[in-house]
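The model shown is predicted, which means the values in this text are computed figures rather than measured ones. Order of appearance sets the numbers: ligands from 1, and atoms from 1 within every ligand.
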Amino acid sequence: MAIDRFGRNIHYLRISLTDRCNLRCIYCMPEDMTFRPNAELMQDDEIITLTRLFASLGINKIRLTGGEPTIRANVVDIVRGIAETEGIKSVSMTTNGLLLSRLAQPLADAGLERVNISIDTLDPDKFKRITRWGKVNEVIDGIKAAEAAGLTPVKLNAVVVTGYNEGDVVDLAELTVKNPWQVRFIEMMPFAGATEIQLTQMVTAAQIQEQIEAAHGPLEVVNGGKLDGEARLFRFKNGLGDIGFIASVTMPFCASCTRARLTSDGVLRMCLLREKEVDLLTPLRAGASLEELRKLILETIWEKPWGHGLEDGVIPLNRVMSEIGG
Ligand code: SAM
Ligand code: SF4
């Protein structure tokens, strides 16, 4: 078991497969983003070696992310390798869904359990504006493909930005009336790259909930208000799905955070919103023994920051979101 100094059992690892993406969402990265050369990224065998190490320390839940994980070459084989690793109980993925029409079934066959798909609006023009060129219909096809492949329950992630999609939250929430999906609204967080938008155009979870309740009346609380991962869940009376609010900025869930992140260049980051990182790939390539790496990982986990510092104005600036892995 890997425990930090505050007693949190760290058992959930998000692995970024690439910092590249086939979109450029305005809240995630600048349009002229430069990406790392492939040689700097973890190679397939290095991902599997590190996954085995983490699994031997008690990590049992993996989420693949990026950048856009589905554009990584050999993504299906990587999923299979991780799913077959002893000790790993679940493998899921966060994706923009564009390539799921083709990949959902092979990924499910390789052992992927579930997907979270990002969709910030159902309006084709607004979607294009937020993502800089995306086609929302391709995401909708991806959601259908994920359901057909059994990558369920499908969760949909939406970041709400003033001036872009703040008027679309009711339409998104209404998807849960007839679909057994979880539509989750994520508060926009500040990182490098798009900091100005993030600081001035953030919409709070409370404002989003207010809009939905103004249209539909009070939402029903799910699970007695207990957090589901990082989301507080609600539902419409008679709705098939749930509506989640991830209030990372206004109501942080740091006390119950059990996760770590491995960036695509093989760096262990214990808090999304803190700059502190420990490089694992360089020592792995330099021939460090598995025992030495295990010790390094355990020490880094032990030092996991208590929580983020947004309230005190501390913003992580060493990486944009897509370089960390959301
Ligand atoms: N490309 C995939 C996708 O979009 O789902 C996976 C990577 S993306 C960085 C993971 C999640 O982070 C997405 O749901 C995205 O909306 C969210 N995200 C990106 N930038 C964010 C920000 N500044 N604040 C909050 N969430 C953000
Ligand atoms: Fe790409 Fe996901 Fe970032 Fe959008 S949020 S630019 S889809 S990594």
Criterion side chain to side chain contact (heavy atoms under 4.5 Å, CB included) on W302 and M270, from CA distance to verdict: CA-CA 10 Å; W302 180 255; M270 293 306 302; over 6 Å; no
- Item | Chi angles and distances behind the side chain to side chain donor-acceptor pair (under 3.5 Å) call for N223, D228 | CA-CA 8 Å; N223 289 340; D228 174 61; 4.9 Å; no
- Would R269 and E275 satisfy salt bridge (Lys or Arg N to Asp or Glu O under 4.0 Å), going step by step from the backbone distance to the final call? CA-CA 8 Å; R269 184 160 169 136; E275 290 185 356; over 6 Å; no
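The option from E323, M189, K155, R14 that lies nearest to atom 22 (C) of ligand 1, judged by heavy atoms, is M189.
Y164 carries R129 over the face of its six-membered ring, with the cationic atom under 6.0 Å from the centre and within 45° of the normal.
Heavy-atom contacts from other residues, nucleotides or ligands closer than 6.0 Å to CD of E196 number 12 or fewer. Heavy atoms of other residues, nucleotides or ligands lying less than 6.0 angstrom from NZ of K144 number 12 at most.
With respect to atom 8 (S) of ligand 1, the closest heavy atom belonging to the protein is G66 O, 4.4 Å. Here the heavy atom of the protein found nearest to atom 14 (O) of ligand 1 is S118 OG, 2.8 Å. The protein heavy-atom contact nearest to atom 2 (C) of ligand 1 is E68 OE1, 3.3 Å. Protein heavy atom at the shortest distance from atom 7 (C) of ligand 1 is G67 O, 3.2 Å. With hydrogens left out, the protein atom closest to atom 26 (N) of ligand 1 is V159 CG2, 3.6 Å, a heavy atom. Looking from atom 21 (C) of ligand 1 to the surrounding protein, the closest heavy atom is Y27 CD1, 3.7 Å. With hydrogens left out, the protein atom closest to atom 27 (C) of ligand 1 is M321 CE, 3.6 Å, a heavy atom.
Minimum interatomic distance between F236 and A173 (heavy atoms only, all atoms of both residues): CE1-O, 3.3 Å.
Checked by atom type, the side-chain pair R52/T85 shows no donor-acceptor distance below 3.5 Å. No side-chain N or O of E291 forms a donor-acceptor pair with one of S289 less than 3.5 Å apart. Judged by distance alone, the side chains of Y27 and D120 do bring a donor and an acceptor atom under 3.5 Å apart. Donor-acceptor pairing under 3.5 Å is recorded for the side chains of S56 and R294.
Residue-ligand proximity, T95 to ligand 1, at heavy-atom distances under 4.0 Å covers atoms 2 (C), 3 (C), 5 (O). Close approach of ligand 1 to N96 is summarised as follows: ligand atoms under 4.0 Å from at least one heavy atom of the residue are 2 (C), 3 (C), 5 (O). Of all the atoms in ligand 1, the ones that sit under 4.0 Å from a non-hydrogen atom of E187 are 25 (C). Close contacts between ligand 1 and N157 involve ligand atoms 14 (O) [criterion: under 4.0 Å to a heavy atom]. Heavy-atom contacts of T65 reach the following atoms of ligand 1: 6 (C), 7 (C) (cutoff under 4.0 Å). For ligand 1, the atoms lying closer than 4.0 Å to a non-hydrogen atom of M188 are 24 (N), 25 (C).
Contact annotation for Q198 and ligand 1: only side-chain heavy atoms (C-beta onward) come within less than 4.0 Å of the ligand. Neither the backbone nor the side chain of N116 has any atom closer than 4.0 Å to an atom of ligand 1 (non-hydrogen atoms only). Contacts of T94 with ligand 1, taken as heavy-atom pairs under 4.0 Å, involve both backbone and side chain.
When T65, V115, N116, L151 are each tested for a side-chain contact (heavy atoms from CB on, under 4.5 Å) with T95, only one passes: V115. A salt bridge (charged side-chain N to carboxylate O under 4.0 Å, His left out) with D242 holds for exactly one of R232, R235, R184, K155; it is R235.
Partners of A145 under the side chain to side chain contact (heavy atoms under 4.5 Å, CB included) rule, at least two apart in sequence or in another chain, are A104.
Atom 4 (Fe) of ligand 2 has C25 SG as protein N, O or S atoms under 2.8 Å away.
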